[in-house]
Amino acid sequence: KMAEFLNLTQLKTSLKETILFDYYTAGFWWAKEMNFSLIQISGFMGLLNFALENLSSKRMNLGDNIKELERAVTGIRETESEEGGDVNLFSIDQGKAIVDFLFSSLFQYYKAYEYLFHVRREEPVLSNE
């Protein structure tokens, strides 16, 4: 279901899609283990997507992405593309846990994700034809 929702159609042959699937699935299950409500899970998944979009589409460096995430979590973002977050959606402890999750999942491996999105790779040869 997650692959369908994310429109990932080449999980078996695309390293990029497999990594994205893993990123979102790990985040979803982590939020479930944290006993987040459905609204909180939705907000959390939005934060995961927000941080990844900052890296992939906007090509933000790690420092800028962390600053944008801080603004999003505290509800004071001033970007034109999206509205500010709901400051009452998560408790302070939940917010800290979310930041810890993002640091241990996305931000710790930021260079690898940058490589995934921004370095052109040769297409693998799958057959002799």
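Numbers here simply count residues along the sequence, with the first being 1.
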Quick check: does any side chain N or O of [X] sit under 3.5 Å from a backbone N or O of [Y], one acting as donor and the other as acceptor?
| X | Y | answer |
| --- | --- | --- |
| Glu53 | Lys58 | no |
| Ser57 | Asn54 | no |
| Tyr23 | Leu48 | yes |

Find out whether Asn65 and Leu55 are in side-chain contact, i.e. whether some heavy atom of one side chain is under 4.5 Å from a heavy atom of the other.
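Side-chain contact under 4.5 Å: yes.
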Considering only heavy atoms from C-beta outward, does the side chain of Ile66 approach that of Leu62 to under 4.5 Å?
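A side-chain contact under 4.5 Å exists here.
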Do the charged groups of Glu70 and Lys67 touch, with an N to O distance under 4.0 Å?
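Salt bridge between Glu70 and Lys67, a charged N being under 4.0 Å from a carboxylate O: no.
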Can you tell me how far the CD1 atom of Ile98 sits from the CG atom of Asp93, to the nearest 0.5 Å?
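Ile98 atom CD1 to Asp93 atom CG measures 11.0 Å (nearest 0.5 Å).
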Nearest 0.5 Å, please: how far is CG in Leu38 from NZ in Lys32?
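If I round to the nearest 0.5 Å, the distance is 7.0 Å.
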Where Tyr24 and Met45 come nearest, the two heavy atoms and their spacing
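Heavy-atom minimum between the residues: O-CE, 3.5 Å.
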Of the non-hydrogen atoms in Ile41 and Ala31, which two are nearest, and what is the gap between them?
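The answer is CG1-CB, 3.9 Å.
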What class does the angle between the rings of [X] and [Y] fall in, given that below 30° is parallel, 30 to 60° is tilted and above 60° is perpendicular?
| X | Y | result |
| --- | --- | --- |
| Phe44 | Trp30 | tilted |
| Phe36 | Phe90 | tilted |
| Phe107 | Tyr110 | tilted |

Same apolar cluster (I L V M F W Y, side chains within < 4.5 Å links), Ile92/Leu102
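Ile92 and Leu102: separate clusters.
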Is there a path of hydrophobic side-chain contacts, each under 4.5 Å between heavy atoms of I/L/V/M/F/W/Y residues, joining Ile39 to Phe28?
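Yes, one cluster joins them.
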